[in-house]
Amino acid sequence: MADFSRTAEEFGYDGILVFHNHHDLDPWILAGAIVQSTRRIVPLVAAQPYAYSPVALAKMIRTLVALYQRRIDLNLITGAAPSELSRVGDELSHDERYERATEYMQIVQALLSSDDRLTYSGKHYELRGVQAFSRIDEEDLRPEVFVAGSSPACRTAAQKVGDTLVTHPGPADQYRAETSHLSGPSRAIRVELIARETGEQAWRAAISRYPSTRTGAVQTKFKQRSESDWIRRLATAPEELATPGGVYWTGPFLVGAATCPTLVGSHEQVAGYLDAYLASGVRTIIVAGAFERAEFEHLAPVTRLLRSRQEV
């Protein structure tokens, strides 16, 4: 993790997404390792309401800021895997989880803003004069809040407590049509990028990384019934988007090998496609994938092209 963080920083990335799930290491201990190993990169850490109380979360954020004088951003999530939620007895509906997440973040933000006693009465949380002594005085060290999802319930939560709404986007023209009316938080997308000098080289690398399998049809059927809005959207996207050849590719997602759409092409093709998202109002691009140094090097021309043409 330390090596990966330093490499990302070397190649000019501004932050690192740190996940929460049952089989990975604790994201908040990893966040400490990241800021200890780097100079400026910002961990974007999963904030899952069932994992930590809002008081404990505020205290951890304040502690890391005090120790390292670095900002820690929050990726507010509610969970999309029913099996993960059921194992911890979380039986709330999809929309109720976003209601809880909104209350959760309201409490965290209040505790980071003041050391006064906090009394809070909501549907999911009840606090009576709690003091966490977790106030962060420096405005630039308070976390930015990313809210992950694309459903109406998610967008409502983002309007109330979020700085940035994160989605796994559809194709660029569809994304523009669906978001042209949106106001409020800034927008981010999460995509995997496979870029090479030519489109042909990129597709060879992509197909080598994600060969077709027989499980694709079964995976797709399950995903089409997901309660997660973005999973259903990608699973029901037109079939031609799963076929190699364009820039936007859903093939790896449909067979469970990736968790978001993949953009494939030459450096210019991929940068041009990302430009279309940026022109639609996107301000942050979260790049997915299992990175090695060679992959950072392949993507460096794309990031240079983007930064030369846009502020991103």
So, for [X] and [Y], which heavy atoms are closest and what is the spacing to 0.1 Å?
X: A8; Y: I16; value: CB-CD1, 4.3 Å
X: R40; Y: E9; value: N-OE2, 2.7 Å
X: A46; Y: I77; value: CB-CD1, 3.9 Å
X: S5; Y: I41; value: O-CD1, 4.1 Å
X: M105; Y: A47; value: CE-CB, 4.4 Å
X: S151; Y: H94; value: OG-CE1, 3.1 Å

Do [X] and [Y] have side-chain heavy atoms sitting under 4.5 Å apart?
X: L30; Y: D24; result: no
X: Q69; Y: E138; result: yes
X: P143; Y: I72; result: no
X: D3; Y: R293; result: no
X: P43; Y: D73; result: no
X: V147; Y: P185; result: no
X: I286; Y: I189; result: no
X: S180; Y: S280; result: no

Between [Y] and [X], is there a side-chain donor-acceptor contact under 3.5 Å, judged purely by atom types and distance?
X: Y248; Y: Q174; value: no
X: Y210; Y: E192; value: yes
X: Y50; Y: H20; value: yes
X: R70; Y: T38; value: yes
X: E96; Y: S93; value: yes
X: Y120; Y: Q106; value: yes
X: S150; Y: R155; value: no

Using 0.5 Å steps for rounding, measure from the [atom1] atom of [X] to the [atom2] atom of [Y].
X: S134; Y: L111; atom1: OG; atom2: CG; result: 4.5 Å
X: K160; Y: Y98; atom1: NZ; atom2: OH; result: 14.0 Å
X: L64; Y: L67; atom1: CG; atom2: CG; result: 6.5 Å
X: D163; Y: R142; atom1: CG; atom2: CZ; result: 12.0 Å
X: S53; Y: Y125; atom1: OG; atom2: OH; result: 8.0 Å
X: L299; Y: L305; atom1: CG; atom2: CG; result: 11.5 Å

Decide yes or no on side chain to side chain contact (heavy atoms under 4.5 Å, CB included) for I136 and R62, but give the supporting numbers first.
-> CA-CA 7 Å; I136 298 174; R62 175 69 183 98; 3.7 Å; yes
Determine the sole option in T179, T164, T167 for which the side-chain hydrogen bond (donor to acceptor under 3.5 Å, both in side chains) test with R187 is passed.
-> T179
Identified side chain to side chain contact (heavy atoms under 4.5 Å, CB included) partner of R190 from the options V287, L17, T284 =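 It is L17; the other options fail the test.
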For L76, the option from V166, T102, V161 that meets side chain to side chain contact (heavy atoms under 4.5 Å, CB included) |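 Filter result, single survivor: V161.
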Carefully, step by step, assess E144 and L74 under the rule side chain to side chain contact (heavy atoms under 4.5 Å, CB included).
-> CA-CA 6 Å; E144 294 186 16; L74 303 178; over 6 Å; no
Is a donor on one side and an acceptor on the other found under 3.5 Å between the side chain of [X] and the backbone of [Y]?
X: R97; Y: T78; answer: yes
X: N75; Y: L44; answer: no
X: E103; Y: E99; answer: no
X: E197; Y: A202; answer: no
X: D95; Y: A153; answer: no
X: S37; Y: I34; answer: no
X: S114; Y: A110; answer: no
X: E10; Y: T7; answer: no
X: R196; Y: R204; answer: no

Shared hydrophobic cluster for [X] and [Y] (ILVMFWY, side-chain gaps under 4.5 Å):
X: L193; Y: V247; value: yes
X: V108; Y: F146; value: no
X: W203; Y: L263; value: no
X: L241; Y: V264; value: no
X: V42; Y: Y68; value: no

Using the side chain to side chain contact (heavy atoms under 4.5 Å, CB included) rule, take V302 and E268 through it: C-alpha gap first, then chi angles, then the decisive distance, then the call.
-> CA-CA 7 Å; V302 175; E268 283 282 358; over 6 Å; no
Please name the residue in the list R71, R307, R283 that meets the salt bridge (charged side-chain N to carboxylate O under 4.0 Å, His left out) test with D14.
-> R307
Pair W28-I61, side chain to side chain contact (heavy atoms under 4.5 Å, CB included): steps then yes or no | CA-CA 9 Å; W28 287 94; I61 296 166; 3.7 Å; yes
Over 12 non-hydrogen atoms of neighbours within 6.0 angstrom of CD in E200 | no
R87/E84 ion pair, N-O < 4.0 Å |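 Looking at R87 and E84, the cut-off is not met.
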Does a salt bridge link D173 with R176, judged by any charged N lying under 4.0 Å from a carboxylate O?
->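 No salt bridge links D173 with R176.
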Pairs touching residues 170-189 that satisfy ring-ring contact (aromatic ring centres under 6.0 Å, His included), sequence neighbours left out = Y175-Y277
